[in-house]
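Before any comments, here is the structure.
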Amino acid sequence: SNMSETTQQKPVYNDITVLELKAFIGCLIMSGVRHDGHLNLDMMFDVKFGVLFYRCLFSHKRFEWIIRTLRFDIRGERDEQDRFAAFRMR
């Protein structure tokens with residue numbers, strides 16, 4: 001990893017738990033139900049204009065970390081020629 005040991009120990013960068021994964025997926029579903037997909041993360045987590053639901057589940061930094069790093073496949077095992085390999089079910 002490119003992060004220092006001190007940075008890795010911060011709660012934002014901890015491994016995701018099953019409970020957090022369920023909450024994260026719930027956040028994504030709720031953002032679809034609320035039609036918040038067009039909002040950027042800053043607006044979703046804004047104290048004045050954002051929705052309390054998102055802030056109750058995650059900090060802005062934690063949500064951003066999860067959405068940037070969560071992967072369901074191994075990039076090295078993808079077919080190089082198939083641009084949609086990350087999304088296909090096998």
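Keep in mind that what you see is a predicted model, and the values were worked out from it rather than measured.
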By side-chain contact (heavy atoms from CB on, under 4.5 Å) - contacts of Thr69 (at least two apart): Trp65

Name all residues meeting the side-chain contact (heavy atoms from CB on, under 4.5 Å) criterion together with Leu41; count only those two or more places apart in sequence or in a different chain, and write none if there are none. Met44, Phe45, His60, Phe63, Glu64, Ile67

Is there a path from [X] to [Y] through hydrophobic residues (I, L, V, M, F, W, Y) whose side chains come within less than 4.5 Å of each other?
{"X": "Val33", "Y": "Ile25", "result": "yes"}
{"X": "Val51", "Y": "Val47", "result": "no"}
{"X": "Ile16", "Y": "Ile29", "result": "yes"}
{"X": "Val18", "Y": "Leu57", "result": "no"}

Rounded to the nearest 0.5 Å, the CZ atom of Phe49 sits from the CE atom of Met43 at a distance of 6.5 Å

So Thr17 and Lys22, do their side chains get closer than 4.5 Å, heavy atoms only? no

Taking only Lys NZ, Arg NE, NH1 and NH2, and the carboxylate oxygens of Asp or Glu, determine whether Asp36 and Arg34 approach each other closer than 4.0 Å. yes

Looking only at non-hydrogen atoms, find the nearest pair between Ile66 and Glu20 and report the distance. CD1-OE2, 4.4 Å

